[in-house]
Visitor: 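Following this message is one structure expressed as structure tokens.
The structure displayed is predicted, hence computed values, not measured ones.
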Amino acid sequence: MVAIALGQMRRRPAAFAGLAVALFLAVATVTLFGSLFAADLAAPAAGRAAVDGPGLKVIAVAFGEIAVLVAFFVVVNALGFALRQQHRELALLRTVAATPVQARRLVRGQVFATAVLVAVPGCLVGAAAARRLLAELQRRGMAAPGVQVPGTPVPMLVALAAALAVGLAASALAAWRISRIPPAAALTASSTEQGRTGAARLLAGIGALVGGGLLLRLAATRPVEQLDKAGQAALLGSLVLLVAVALLGPLAARILAAVLGAPVRALAPGAGWLADANLRGYARRLSSAVVPVALLVGLSGTMVIMTHTAGAGAPGAATRVTSATDVWLRQAELALLVCFAAVSTVNTLVAVTADRRREFALLRLVGATRAQLMRMLTAEAVLTAAVGVLLGAAVAGASSAAFSAAVTGSAVPAVPVAACRWIVAGAAALTVPAILATGVRAVRGPAAELVSGGRD
């Protein structure tokens, strides 16, 4: 099973490279904020009391919790996609007498090998980032000058254990789906896509929607004196809503693609019709592509609008939300979250497009030219970006509205139009080129050989 697991990883480098990057970011993030927490615990009590502000422990918890949750969200999304790409191979193993336990063991081995591969560089980068962030906090007077990041390996071990726990748990759930059905049915399911969202997934998505709504209600009802708590609740609510988007993604993506596909079909009858049919017919694949885009737009939009609303709603107020140091902290957190979302977006889109080489080869065998395929991919890229932006904007709008209600008493936030335009432009700049650049390579090669499976 070890040789098979490693062979699968070599055969699909794009998917497992995305998982490796996601695990690397998760390990580095937990190490970063865990090291800050350890530095606060190791600091003398007199040094902690002499600092104005929340202190390292509060910063590590308040700003680290969202970053860590986002990092693991990216890991689960990348892992789910990597396993979906192996659906056919796992089904074939089942047909040649591999047991469900062996299939699940193979998946666990892949996750474990990937996590171990990125553990050392992730821990080293996280520890270096912790020292850099601590120095910046000391320069701004938010940490005592004598505080240092301790040399204990505990934060690194915790980071590796957390990444493995999340990865193995997610892989167990993903592998259970294919290992619980008969081999022939698994092989048939690997070549088709289910038209309906499963009842368990639908219920989980509805539960996430309800949970996100409750968190936003909590944020909206915070008094003005607790704007920090309102902001944290709104950010956490946006992340829970994005989890709901991931769970209900196939359904939501199919509906939005049908609505947005009408003008595309009218403007480009050939390529537009085929692009729209591909997106609606493969809603799970579309969902995998749009969730990272929604994550990028939703989180960055929420933080940008919340910061602007806090500044506009409380001019001159002595609140830490509008202080220069807090704005800097939120900008640093925003940069970290945007990095996660951008990496997830590019990794997923590259892997999704690269995995369609056989599909493109079949189209070429029935007469489609490379130019026609690239026009189809262009239409798909535009639709994918539009669906992701709309889903992310809906999350950002709901979260910022809840925060605005706490700040100003009105659910209409102060929207920085220029910044939001940059967010949309950035999402499009990541989505469209990533799909087209991968597509240029994916449409190359002898079509007959690709269809027969001679090349991957």
Side-chain angles (χ1 to χ4, degrees), residues 10-18 81-82 84-89 190-193 253-254 256-258 260-293 342-389 425-456:
R10 287 193 297 268
R11 187 168 180 267
R12 298 189 181 276
F16 283 98
F81 178 73
R84 281 196 298 274
Q85 284 194 308
Q86 297 183 90
H87 200 146
R88 180 175 176 80
E89 286 82 359
S190 69
S191 58
T192 60
E193 184 168 296
R254 185 181 288 114
L256 286 176
L260 297 176
V264 174
R265 292 194 302 270
L267 293 173
W273 180 88
L274 190 56
D276 178 56
N278 277 335
L279 294 182
R280 286 194 291 167
Y282 292 88
R284 291 186 184 276
R285 184 174 67 193
L286 174 61
S287 176
S288 298
V290 302
V291 165
V293 182
V343 168
S344 178
T345 299
V346 173
N347 282 338
T348 303
L349 293 176
V350 168
V352 166
T353 309
D355 197 49
R356 299 173 63 187
R357 289 171 64 87
R358 188 172 185 274
E359 174 191 336
F360 297 152
L362 284 169
L363 289 172
R364 286 165 55 195
L365 287 179
V366 297
T369 65
R370 289 187 176 90
Q372 290 173 326
L373 291 178
M374 291 308 299
R375 286 197 294 271
M376 178 196 74
L377 273 179
T378 302
E380 287 187 19
V382 172
L383 284 173
T384 299
V387 172
V389 167
L430 285 173
T431 304
V432 178
I435 293 176
L436 295 183
T438 310
V440 168
R441 184 176 181 275
V443 299
R444 292 176 180 172
E449 188 175 347
L450 288 169
V451 170
S452 64
R455 292 175 59 179
D456 191 17

Visitor: Check side-chain contact (heavy atoms from CB on, under 4.5 Å) between A381 and all other residues, then give those that pass, not counting sequence neighbours.
Guide: V432, I435
Visitor: Looking at L349, T348, V343, T431, which hits side chain to side chain contact (heavy atoms under 4.5 Å, CB included) with P292?
Guide: T348
Visitor: Identify the two heavy atoms, one from V264 and one from L260, that lie closest to each other, and give their separation to 0.1 Å.
Guide: CG2-O, 3.6 Å
Visitor: Could you report the tightest heavy-atom contact between E380 and R356, atom names first, then the distance?
Guide: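 That would be OE1-NH1, 2.6 Å.
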Visitor: Under the side chain to side chain donor-acceptor pair (under 3.5 Å) rule, collect the residues that match up with R375, sequence neighbours excluded.
Guide: none
Visitor: Of all residues at least two apart in sequence or in a different chain, which pass the side-chain contact (heavy atoms from CB on, under 4.5 Å) check with L373?
Guide: F360, L363, R364, A368, M376, V443
Visitor: Okay, side chain of T353, backbone of G439: is any donor-acceptor separation there less than 3.5 Å?
Guide: no
Visitor: I'd like to check the side-chain contact (heavy atoms from CB on, under 4.5 Å) partners of V346; sequence neighbours left out, ordered by chain and number.
Guide: V350, L430
Visitor: Which atom pair, heavy atoms only, marks the closest approach of A379 to A275?
Guide: CB-CB, 3.7 Å
Visitor: Quick check for you: to the nearest 0.5 Å, what is the distance between R444 atom CZ and R370 atom CZ?
Guide: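 R444 atom CZ to R370 atom CZ measures 8.5 Å (nearest 0.5 Å).
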Visitor: To the nearest 0.5 Å, what is the distance between CG on L436 and OG1 on T378?
Guide: 4.5 Å
Visitor: What residues, two or more places apart in sequence or in another chain, satisfy side-chain contact (heavy atoms from CB on, under 4.5 Å) together with A427?
Guide: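 A427: side-chain contact (heavy atoms from CB on, under 4.5 Å) contacts with V293, L296, V297, V389.
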Visitor: Hey, what do you get for CG (L256) to OG1 (T384), rounding to the nearest 0.5 Å?
Guide: 11.5 Å
Visitor: Name all pairs fulfilling the salt bridge (charged side-chain N to carboxylate O under 4.0 Å, His left out) condition that reach into residues 266-275, sequence neighbours left out, sorted by first residue then second.
Guide: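 Every candidate salt bridge (charged side-chain N to carboxylate O under 4.0 Å, His left out) pair involving residues 266-275 fails, so no pair, neighbours aside, qualifies.
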